Protein chains: 2
Amino acid sequence: MGEIRDANRSKKSIIVAATKLFAKDGFDGVSVDAIAKEAGVNKAMLYYYYKNKSKLYEVVVDMVLEDIYKTVLEKNSQHKKPIDKLYSFIETFAKYAKANPHLSFFMLNELASDGKKLPRDMFLGLRKIFGLLVDILKEGEKKGCFKKTKPIIVHFMIVGAINLFISTKNLRKSVEDELGAEVCNECKIDEVARYLYDYITKGIS
Amino acid sequence: MGEIRDANRSKKSIIVAATKLFAKDGFDGVSVDAIAKEAGVNKAMLYYYYKNKSKLYEVVVDMVLEDIYKTVLEKNSQHKKPIDKLYSFIETFAKYAKANPHLSFFMLNELASDGKKLPRDMFLGLRKIFGLLVDILKEGEKKGCFKKTKPIIVHFMIVGAINLFISTKNLRKSVEDELGAEVCNECKIDEVARYLYDYITKGIS
DNA sequence: GTTATAATTAACTAAATGGTTAGTTAGGAG
DNA sequence: CTCCTAACTAACCATTTAGTTAATTATAAC
């Protein structure tokens, strides 16, 4: 039983722990010791495999964004019509965010920090996802089914609404007695996706 | 010249410094020493006036959210028709966020942290702003000019899009050579507000 | 002017932090 | 069996951190 030494297992457990903790408390809110403890490895292993805390954070964010990008990209390729692609974009993103709530934290955090945190091209991941939507909107425009619009605004409507909805799950639950139905605890993420699709298509049709 | 001792000036300079630094680097990313230095006061003054770092943060967030709430509320009272109130809500929020960019950071951060950071009713401010939109949408529904909708989704569309647009200003500028017109650097915040209003009203009409 | 009190400071502490290092052990290649 | 190297560890270090404290000064009231 090769349980004793296994580089891959160690590396992966570090990533899993770091993803979990960074998503919960942010880069500055987590100590390297805490990550090592959560991962069940010696702290020096983090430096051995990932050089330092910042680099580890970059790897985590890159992985998270790359994964959502690939997921959306793959689902999108299954559709032909721009309007179907648009729905697929929204729905896939929404479902993914629901299944992987850490995504919302990282996206909101990276976007909110405005490139101050890590000067690298960490935003490549964000740009790639945005690029998918740009292509959909441009194609629709060319084919005459969409009116001209501002992709960045549409993009921020979609990812803003979905990420905020996901990341405020507990928050909304805690105030439901005061605000009642308005905070929409019974809402499924599918409903958010449908509203977004509905409002946006009406806007660009 | 009462320049030597002035409790109000000290208290205010601490708030100003704390607002600036917390908005830039987040709660965990700023040290109390840094705030004291920025404010030009002795560190012990922070504890003298605000008890500790967390309490100071609460005061800052409360002030920021209370100010935007009052601003939106006041502008809103100048309109009668729900549709005008809706536009006023979006426009006022957008203009305020543009003029006070730290708002976007705090809102995104507080919403993204999902109530984990500070267990207090820090979210009262967030709820109050949301409450304004709920009233507008409900009134419009009652008067028959709006269809039934989910206020929380509309709210997250608005504040999500505006806050992300504001907080990514530098980020968008830094990638404009690659993504060109799509990132909409030439966009004014008014344009974002108009798009939001346009898409939402089409959705709920 | 005296005095009480509010405003302010420098120096300090204990704990936590990111990061290092020197050494140890496991396991596959020869 | 023996090495060599990759995987791993415990102990350590310098710095930074939030928070405290005891002493000091300005000032307003009397």
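Everything numeric here is computed off the predicted structure, so don't read it as measured data. Proteins get letters first, then strands, A, B, ... in listed order; numbering begins at 1 in each.
For B/K128, the salt bridge (charged side-chain N to carboxylate O under 4.0 Å, His left out) criterion is met by B/E66, not counting sequence neighbours. A/K24 pairs by the side-chain contact (heavy atoms from CB on, under 4.5 Å) definition with A/L21, B/K116, not counting sequence neighbours. The side-chain contact (heavy atoms from CB on, under 4.5 Å) test applied to A/K138 returns A/V134, B/E182, not counting sequence neighbours.
A/R5 has its CZ atom 4 Å from the C1' atom of C/dA26, to the nearest Å. Between the P atom of C/dG18 and the OH atom of A/Y57 lies a distance of 14 Å, rounded to the nearest Å. Atom pair A/Y50:OH and C/dT20:P shows a separation of 17 Å (rounding to whole Å applied). In this structure, B/N8 atom CG and C/dT8 atom C1' are separated by 15 Å, rounded to whole Å. As a whole-Å value, the separation of A/K11 NZ from D/dA7 P is 7 Å. Distance, A/D33 CG to D/dT9 C1': 14 Å, rounded to whole Å. If you take CD1 of A/I35 and P of C/dG18, they are 8 Å apart, rounded to a whole angstrom. Rounded to whole angstrom, the span from the CG atom of B/D6 across to the C1' atom of C/dA7 amounts to 10 Å.
The aromatic rings of A/F27 and A/Y57 sit perpendicular, their planes meeting at an angle over 60°, well past the 30° parallel limit. Ring geometry for A/H102 against A/F106 counts as perpendicular: the plane angle is over 60°, on a 0 to 90° scale with 30° as the lower cut.
Residues from residues 13-22 of chain A placing a heavy atom under 4.0 Å of any atom in DNA chain C do not occur. For DNA chain C, the residues of residues 37-49 of chain B within the heavy-atom distance limit of 4.0 Å (strictly under) are B/N42, B/A44, B/M45, B/Y48, B/Y49, sorted by number.
Side-chain nitrogen and oxygen atoms of B/S10 include none within less than 4.0 Å of the OP1 or OP2 phosphate oxygen of C/dA7.
More than 12 heavy atoms of other residues, nucleotides or ligands lie within 6.0 Å of NZ in B/K150, so this atom counts as buried by the packing criterion.
Considering only side-chain atoms of B/S31, the nucleotide from C/dT17, C/dA6, D/dT17 that sits closest is D/dT17.
For the pair B/R172 and B/F165, the distance from NZ or CZ to the six-membered ring centre is under 6.0 Å and the angle to the ring normal is within 45 degrees.
No side-chain N or O of B/Y48 forms a donor-acceptor pair with one of B/N42 less than 3.5 Å apart.
Judged as a salt bridge (Lys or Arg N to Asp or Glu O under 4.0 Å), the pairs with a partner in residues 78-93 of chain A (not counting sequence neighbours) are, in order, A/K85-A/E139, A/E91-A/K95.
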